[in-house]
Structures are given as C-alpha cells and as structure tokens.
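The shown structure was predicted, so the numbers you read here are calculated from the model rather than taken from an experiment.
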Amino acid sequence: MIFPLTVDRILADRSRAELGRSLVTVPAPSGAHVVLGGHDPAASEHGYPIGVYAAPLAESEASGPSTDAPALHWLRTGWRLRAAAFHPTEPLLVLGTGSYDGGYFFEGELVLLDLASGEHRYLFADDCRREVRSLEWTDAHTLRLLLAPPDDWEDRAAWSEGHCVYLARPDWRAVPAQSVRHADLTGPRVPASPPQPVAATDPDGPRPGEVRSLTLLPDGGFLLTADHVLLERWSVDGDRRWSMPADPDLGGGRTAAVLADEASAWVEALGPWRGHGGAFLRICLANGTELERHTTPGRAALVTTFEGPLLVPMPAGYGERAWSRFRHGPHAIFRDMPRPPCTCACPWDDDEECACHCVCPACAVGGEDEEVWLTMVDASPHSGATDLAFPTEERCRRLFPWSWEPGETHFGGPGVRVGETDLVMATLRYDGHVGRPKRGFVVRRPIGEAATGTPSWVFPIDSTPIALDIDPSTDTVLVGLTSGELITLDATAGTLRARGTVHVRGVPVIPTAVTVTGPGRLLLGTSDGRVLICHLNRPT
C-alpha cells in the first residue's frame with residue numbers, strides 16, 4: 001500500500017552512490033538491463049532490496065541507471081544477490097541469492113520474476129535453501145546453476161567448489177513456488193567460487209548511509225546527522241552550507257541539539273555501541289568547525305530541553321534502536337536503569353546465564369531494585385550554558401515503571417511530548433527468544449502529578465520503531481518502522497489513520513528520521529541517505 005504522502009523535493013540524495021557498489025549488469029533479449037543488489041542498513045531484519053532498472057542504450061553513457069531512472073521492479077530477498085539471468089525468449093528474470101551463515105551453512109534462494117506482471121516466486125522448497133553462485137540459460141527450457149555445497153563441515157573446499165545443476169522445465173512462466181526440491185539440485189562437483197560484487201564506482205569514495213536525525217533551525221534550514229556525516233547544515237532553499245564527514249574513530253552522527261544562542265550545536269557521535277563511552281562535539285553553526293569535545297565513561301544520550309542540551313544515561317539494551325529519545329518537551333525524559341549498562345560479551349542469543357551477573361535481558365534478576373523507570377529531569381535555575389553534563393541526582397524524578405504491564409520487559413524507542421501532561425512513545429517488548437517477530441507498541445501515557453503510567457491507548461506494531469513525530473495542527477502522530485512502513489495515528493484516540501510505504505522513483509524507502517516542519521508538511525530521512533521534503537495528502 002502506498003502511503004498518502006507526496007514527495008515535493010529530494011535533498012541530500014546519496015542513494016545512487018551505492019548503485020555501483022553491488023551492480024550486476026545483465027543483457028536481456030529486448031535490450032540492456034541493470035539488476036541492482038541494493039545496500040540497506042535494515043536489510044538483516046527485513047530482507048535485501050533488489051531493483052531492476054533500464055540501463056542506458058547509448059555506449060557513451062554510464063553502464064548504471066541514471067540518477068532519475070525509476071525502478072522497473074523492486075523486491076526484497078532473504079539473502080544478498082549473487083547472480084541474475086534474463087530468459088532468452090520470455091519476459092522472465094531469475095535471481096540467485098545466498099551467503100554463508102557464519103557457522104556451517106551456505107544458504108540462499110532462487111527467485112523467478114515475471115517482468116510483465118511484476119509477480120515473483122521463490123522456487124526452492126523450504127528445506128533446501130542453497131546458495132546460488134552462478135546462473136545461465138542454456139536454452140529456453142534449461143537453467144544451469146552453480147550451487148554452493150550445503151555446508152563446510154569438514155569440507156574447506158566448499159568455499160571454492162560447488163555443484164553444477166541443470167533445471168529443465170517446459171514452461172518457466174508456469175513453474176510453481178517452492179517446487180524445486182533436494183532431488184532436483186544434485187550434480188557433479190565443479191569449481192564454483194563465491195562471486196565478488198562488481199564495483200562500478202570508486203570503492204573508496206563517499207558511501208551513503210542512514211539519516212539519523214533532522215533538526216530544524218530558526219531560519220528554516222535544518223541540521224542532518226547520518227552514518228556518513230557527523231553533521232551537515234542545509235538552508236531553507238535546499239543548499240548544503242557545510243558538511244563534517246564521519247570521523248574514522250567516532251563514526252557519523254546520531255543526533256544534534258542546538259544551543260540557546262543558536263551559534264553552535266552539540267552532536268552525538270555514533271561510535272561503538274556497546275562497552276564504550278560516548279563522544280559529543282560542539283560545532284559552530286556558521287562554518288561547521290569543531291569548538292570543543294566532551295566524552296563520557298559510560299553510554300550517554302544527547303537530549304534537547306527548553307533549557308538547552310543535556311546528557312542522560314542511556315544503556316543500549318535491545319540494540320541502539322531501543323534508545324529512548326523524547327522531543328518537544330521542556331524537560332528531559334529518559335529510560336532509567338538502576339545499574340550501569342552491560343559491558344561484557346554475554347551470550348544473549350543462546351539464552352544462557354552470564355557468569356558476571358550483569359543486566360543483560362537474558363540474565364537480568366527481577367525484583368523491586370531492578371525495576372526500570374520513566375524518569376523526568378526537573379528544570380535547572382541555570383540555563384543557556386554551553387557546558388554539556390548529566391543532571392544532578394536531585395533533579396531526576398522517577399514517575400512510574402517504564403513497562404505498564406507487570407512482568408514484561410519493554411525497551412525504548414522514539415517519543416514526543418504532547419501538550420503539558422502527556423507523552424506518545426514507542427516501545428519494543430523483549431520476550432527472550434531469538435528469531436521471533438518483534439512485538440512493539442505506540443502508546444500515549446499521562447505524566448501529570450497523579451499519573452500512574454497506565455496508557456490512555458496502545459497501538460501494536462510488528463517492527464522496530466525508528467522515528468516518531470507529531471503534527472499538532474491535525475493531532476497526527478507519524479511513526480517510521482524498520483519494515484519500511486510509515487503509519488499515522490490519531491494522537492487523541494490512538495486509532496490508525498493511514499499506513500503504507502513511501503516510494504521514490506519506483507522504490508520503497510525506509511523512513512529513519514521524521515521531522516514535522518509545519519501543518520501537513522515534514523522532512524523525511526531514509527535508510528539510503530535521502531532527505532525528502534513531503535506533505536501529507538488530505539483524505540478524499
């Protein structure tokens with residue numbers, strides 16, 4: 001479903017720089033085509049994007065798709081693209097994917113894409129997921145595959161050898177899904193090294209990256225943080241004023257907070273996410289130079305309050321996406337854990353106990369002292385200073401338990417202050433099991449003097465929440481999910497208004513930053529380095 005949103009303008013479009021890094025150019029009987037095995041920071045959770053583009057026909061033009069070329073077809077697969085081949089006579093394209101799982105197995109899939117209808121089918125049965133290393137049509141009925149061995153257990157040659165298989169079908173357009181079984185995939189052992197990605201651009205050039213935050217400035221411009229930059233300033237007309245590239249040691253930027261004098265801003269560096277302290281830089285907004293640097297021994301998050309930027313303790317918990325950040329509030333609000341974050345290499349994925357008795361979700365000890373709280377930082381009589389520091393203990397006031405359901409562990413997510421006495425926040429529930437679908441919620445919770453933490457409403461979601469903001473003119477909450485969905489909710493009732501994906505040039509984008517700029521208007525940052533100026537369409 002297409003989300004009811006119109007993209008008015010595309011800014012900071014770094015997505016095309018990634019095309020050449022995993023580009024596979026495949027000739028087709030009807031003309032040149034390009035198959036793209038795309039890069040996506042969220043791919044491990046929701047699949048790997050693959051697009052089919054029309055390549056330029058003129059020899060003088062570049063071999064890849066042009067900047068404005070729309071995707072003809074788009075899908076996601078469970079593994080990375082390894083090979084592709086167009087059928088010699090029919091409008092069909094076969095895609096081979098796969099990878100090594102890091103333990104024993106080489107896994108993958110064979111996908112058949114009908115270029116006329118856009119339908120795609122996964123042909124391997126569920127119990128024979130084999131990595132595909134090469135594809136070739138020998139005639140209109142026969143497809144030659146080079147498959148990796150099932151695993152490398154006591155077989156190191158599995159990295160350089162595979163099995164040659166011929167699949168013959170009288171009508172490939174009628175091949176059912178999951179109809180290729182183990183008996184169909186036997187063949188002689190031959191040389192079959194894993195394919196290397198084709199780099200059509202400079203591999204050392206700038207890479208796109210996930211847009212992490214978009215912060216409005218008083219002049220109508222905005223600050224951008226992303227995986228590929230610590231901080232960028234853009235004008236209201238869409239011109240980039242200056243850019244600080246990602247630091248080799250600190251990485252890109254996570255979020256920014258403008259000081260009261262509007263002359264500088266603190267930016268939080270991404271850096272290592274577990275077992276290390278935080279790094280924060282104060283940047284001159286006139287020219288993008290570093291003015292000072294502040295580090296913390298433990299993990300901390302940068303938050304914006306009416307009195308200026310502030311630091312709060314922020315254990316990563318269920319991954320960095322579970323950090324809680326609240327916008328539009330006069331005071332800082334954070335997920336308060338009584339003990340420091342875990343810094344050991346705990347076997348969370350194995351559901352084993354940790355010998356160090358740390359606070360990992362898999363081995364946390366229950367009890368009143370271990371309760372996680374939603375804590376507010378009261379106002380300070382001193383405001384406007386440029387110093388960045390944690391609030392004193394006397395200013396931190398616990399409101400109520402973070403989880404409104406006794407016995408459940410909820411991690412954080414983005415949130416906003418609504419009016420004087422309410423929050424709209426996203427959470428992710430931890431259930432102790434690896435591989436199960438995520439279960440999250442968007443909730444509205446009163447935080448007044450007599451509030452108990454009981455939500456006014458709860459809206460369930462099945463993916464990790466990335467971004468959240470509110471349009472007060474229409475009482476609309478916008479939430480971006482790692483699945484690529486963007487949803488809007490009625491802020492008062494919690495009812496769904498719209499949900500779907502945002503498409504740019506025929507490709508669905510994953511919203512990673514949402515900032516409302518005015519009634520019905522917003523900035524949308526994406527996982528592939530775009531910033532979109534958009535407006536919400538009114539219901540017809």
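- Leu223 pairs with exactly one of Ile283, Leu231, Leu216, Leu214 by the side chain to side chain contact (heavy atoms under 4.5 Å, CB included) rule, that one being Leu231.
- Side-chain contact between Ile461 and Glu485 is absent, with no heavy atoms from C-beta onward closer than 4.5 Å.
- Side-chain polar atoms of Asp237 and Ser235 form no donor-acceptor pair below 3.5 angstrom.
- A side-chain donor-acceptor contact under 3.5 Å links Asp475 and Thr492.
- Of the possible polar contacts, one joining the Arg327 side chain to the Leu468 backbone as a donor-acceptor pair under 3.5 Å is found.
- By the 4.0 Å N-to-carboxylate-O rule, Glu268 lies close enough to Arg325 to be salt-bridged with it.
- In this structure a side-chain-to-backbone donor-acceptor pair under 3.5 Å is missing from Thr482 to Ser463.
- Remark: the backbone N or O of Asp8 is not paired with any side-chain donor or acceptor of Thr6 at under 3.5 angstrom.
- Not a single donor-acceptor pair under 3.5 Å links the side chain of Arg439 to the backbone N or O of Pro460.
- When atom types are taken as modelled, the side chain of Thr488 and the backbone of Ala498 share a donor-acceptor pair closer than 3.5 angstrom.
- For the pair Leu311/His294, a side-chain contact is recorded, criterion being any heavy-atom separation below 4.5 Å from C-beta on.
- Among Trp373, Trp402, Trp404, the one residue that satisfies the ring pair (Phe, Tyr, Trp, His ring centres under 6.0 Å) test with His410 is Trp404.
- Residues Leu536 and Phe3 are in side-chain contact: their nearest non-hydrogen atoms beyond the backbone lie under 4.5 Å apart.
- A side-chain donor from one of Ser213 and Thr225 sits under 3.5 Å from a side-chain acceptor of the other.
- A 4.5 Å side-chain heavy-atom check between Phe326 and Met425 finds at least one atom pair inside the cut-off.
- Distance alone, capped at 3.5 Å, is enough to place a donor-acceptor pair between the Asp219 side chain and the Gly221 backbone.
- Side-chain contact check for Val377 versus Val303: every heavy-atom pair is 4.5 Å or farther apart.
- Between Ile533 and Leu523, some side-chain heavy-atom pair lies under the 4.5 Å cut-off.
- Between the Thr476 side chain and the Thr474 main chain, a donor and an acceptor come within less than 3.5 Å of each other.
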Start with the C-alpha gap between Arg241 and Asp239, add the side-chain angles, then the distance that decides, and say whether salt bridge (charged side-chain N to carboxylate O under 4.0 Å, His left out) holds.
-> CA-CA 6 Å; Arg241 297 271 298 273; Asp239 299 320; over 6 Å; no
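- With Arg80 contributing its side chain and Tyr48 its backbone, the two residues share no donor-acceptor pair below 3.5 Å.
- Within the 4.5 Å cutoff, the side chain of Asp490 has no heavy atoms near those of the Trp457 side chain.
- When atom types are taken as modelled, the side chain of Asp227 and the backbone of Gly252 share no donor-acceptor pair closer than 3.5 angstrom.
- A donor-acceptor contact shorter than 3.5 Å links the side chain of Arg395 to the backbone of Asp378.
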